[in-house]
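We use all heavy atoms of the structure for the numbers below, so side chains are in, but hydrogens, waters and symmetry mates are not. Chain A is the first sequence line, chain B the second, and so forth, proteins listed ahead of strands; every chain is numbered from 1. What you see is a predicted model; the values in this text were computed from it and never measured.
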Protein chains: 2
Amino acid sequence: MKFAKIPMATIVRLSIYMRTLQELLEEDVEVISSERLAKQCGVNPAQIRKDLAYFGEFGVRGVGYRVNDLVNQIKDILGLNRPWNLAMVGLGNLGSALVRHGNFIKHGYVFTAAFDADQSKVGKRLPNGLIINHISELEDVVRERDVHVGIIATPANDAQSVANSLVLAGINGILNFAPVQIQVPDCCHVENVDFTIKLDSIAYHLSFGG
Amino acid sequence: MKFAKIPMATIVRLSIYMRTLQELLEEDVEVISSERLAKQCGVNPAQIRKDLAYFGEFGVRGVGYRVNDLVNQIKDILGLNRPWNLAMVGLGNLGSALVRHGNFIKHGYVFTAAFDADQSKVGKRLPNGLIINHISELEDVVRERDVHVGIIATPANDAQSVANSLVLAGINGILNFAPVQIQVPDCCHVENVDFTIKLDSIAYHLSFGG
DNA sequence: CTATTTATGTGATTATATTCACACTTCCCG
DNA sequence: CGGGAAGTGTGAATATAATCACATAAATAG
């Protein structure tokens, strides 16, 4: 599927295009031009065409893109035409809220394990039926339940050791909500979600009108 | 403070440097080189020096950077040497968890208002003492309490209308957790936090080894 | 069947961002 | 006080990404 060195920014934009296309699909839009899609996504039309061109030809000249087809083609590109199993580590306020959050399942991500260090939480049943395991069981449970991606929602201090365990358990993808830069081997891909950093950007813009 | 066109990526990295420096400060590290800081942040040392060079000279040749000073200088650069008032809109699972989350206050962000469309939630008191207002009161309350940044944690369908209200209320900065691209006038700066997009990137990497 | 319109795909161009490499400054040790 | 080591600041070089602009393909109308 991958023909050249693809910019990371392209991958992120493909997700955004896909989300917008899925909305369009619900509004029964069958065909869309790069120009209209670009406007809705807030990017340049040529950007969309270039991004797609990395992976093939998906449109029809003089016509545009068939919305339904393009959604599926982007899913193929990103590897989303299959389920992905998630493990939540850390069931405090944030972790618990995320497990309950409908967006994951909507996009094909399924929680198949949940861990916490707090013994009083172990054994409790989450709304989706999942039972919380103790963090010490992480490695075994992750293997048993074929977890693909670990989500870290622990306090900052625990994030690195959790990451280490996940890597040991064979996990190659981590979504990290803890506000620290975790170190992992190259085989493991980490994405960080740090909202205070986003707030800092907003603060900068508000302060200096950027 | 702003001397040239600053790359957005630089601003984001400055936040990351600051986080790392704050950790170093807690470990009583007084001085650090761009090389060591770069390693901890996962970037190139020249990158750090160049990022800082946009705003002045903060280091000492042959020595490095005084950690404490640099933290404060980055805070000045980003506009963080003052409190910022936040309003949470949408107190479902995610919104509630975020209001409880300690990271905001730790970095100088204070919730001064909270809104929900659900009448049964209106009047309830949050752990930080804040009382939930009905969304219809948004414009008045935002002005009264001098809110600077609005956080949208509503369902996707409501996000745009909330954004419109925030803009009408004079808000110029929005942190959007809803998985839609909201449209706002140029005066308003939006940052999106969309974790399913991050998961898509992970899925791509796991699928195609990028 | 031809002319016109629409809109993709892409080479060329421009803009932006990162990294290199070295002059220059400070510190330290003898 | 002088020489080496450490480490910043920055112009130049490189790498990367975004945009333009146009050849090309499909659709439609006359």
Just compare D:dG9, D:dC20, C:dG9 and give me whichever is closest to any side-chain atom of A:N44. D:dC20
Has B:Q47 got a side-chain N or O lying under 4.0 Å from the OP1 or OP2 atom of C:dA17? no
Whole angstrom is fine here: how far is it from CD1 in B:I48 over to C1' in C:dT18? 13 Å
Rounding to an integer number of Å, can you tell me how far A:E57 CD sits from D:dA25 P? 10 Å
Can a side-chain donor-acceptor contact be found between A:S207 and B:R82 if the only test is distance below 3.5 angstrom? no
Would you call the rings of A:H205 and B:H189 parallel, tilted or perpendicular if under 30° counts as parallel and over 60° as perpendicular? parallel
For this output row, return yes or no: ring centroids of A:F104 and A:F111 closer than 6.0 angstrom. yes
Taking CG from A:D51 and P from D:dT16, how many angstroms apart are they, rounded to a whole number? 17 Å
Salt bridge A:R19-A:E23, side-chain N to carboxylate O under 4.0 Å: no
Going through the distances and angles, do A:R143 and A:E139 end up as a salt bridge (Lys or Arg N to Asp or Glu O under 4.0 Å)? CA-CA 6 Å; A:R143 286 186 205 281; A:E139 216 175 310; 3.5 Å; yes
Among residues 7-41 of chain B, which residues get a heavy atom nearer than 4.0 Å to DNA chain C? B:P7, B:R13
Checking side chain to side chain contact (heavy atoms under 4.5 Å, CB included) for the pair A:D200/B:I11: CA distance, chi angles, key distance, verdict? CA-CA 8 Å; A:D200 290 352; B:I11 299 301; over 6 Å; no
Are there any protein N/O atoms within less than 3.5 Å of an N/O atom in nucleotides 26-30 of chain C, and if so, which ones and at what distance?
residue : atom : partner : partner atom : Å
C:dT26  : O4'  : B:R61   : O            : 3.3

Before you tell me yes or no, could you show the steps for A:M18 and A:L80 under side chain to side chain contact (heavy atoms under 4.5 Å, CB included), namely the whole-Å CA-CA distance, both residues' side-chain angles and the distance that decides it to 0.1 Å? CA-CA 11 Å; A:M18 189 180 66; A:L80 299 178; 3.6 Å; yes
Taken to the nearest whole Å, CZ/B:F58 to P/D:dG9 is 9 Å
Have a look at A:F195 and tell me which of B:F177, B:F195, B:Y109 forms a ring-ring contact (aromatic ring centres under 6.0 Å, His included) with it. B:F177
Are a donor atom and an acceptor atom from the side chains of B:T112 and B:N85 found within less than 3.5 Å of each other? no
Dump the intermediate steps for side chain to side chain contact (heavy atoms under 4.5 Å, CB included) on B:N133 and B:D140, then the final yes or no. CA-CA 11 Å; B:N133 285 97; B:D140 288 342; over 6 Å; no
A:N176 side chain vs A:V180 backbone, donor-acceptor pair below 3.5 Å: yes
In whole angstroms, how far is the P atom of D:dT8 from the CD atom of B:Q73? 14 Å
Polar-atom pairs under 3.5 Å, protein N or O versus N or O of nucleotides 11-14 of chain D: list them with distances, or write none.
residue : atom : partner : partner atom : Å
D:dG11  : O6   : B:K50   : NZ           : 3.2
D:dA12  : N6   : B:K50   : NZ           : 3.4

What is the separation between atom NZ on A:K5 and atom C1' on D:dA17, rounded to the nearest whole Å? 12 Å
Provide, to the nearest angstrom, the distance between the OH atom belonging to A:Y54 and the C1' atom belonging to C:dT10. 12 Å
Looking at A:Y65, I'd like to know whether one of its side-chain N or O atoms comes within less than 4.0 Å of OP1 or OP2 on C:dG9. yes
Please state how far atom CZ in A:R66 lies from atom P in D:dA27, giving the value in whole angstrom units. 11 Å
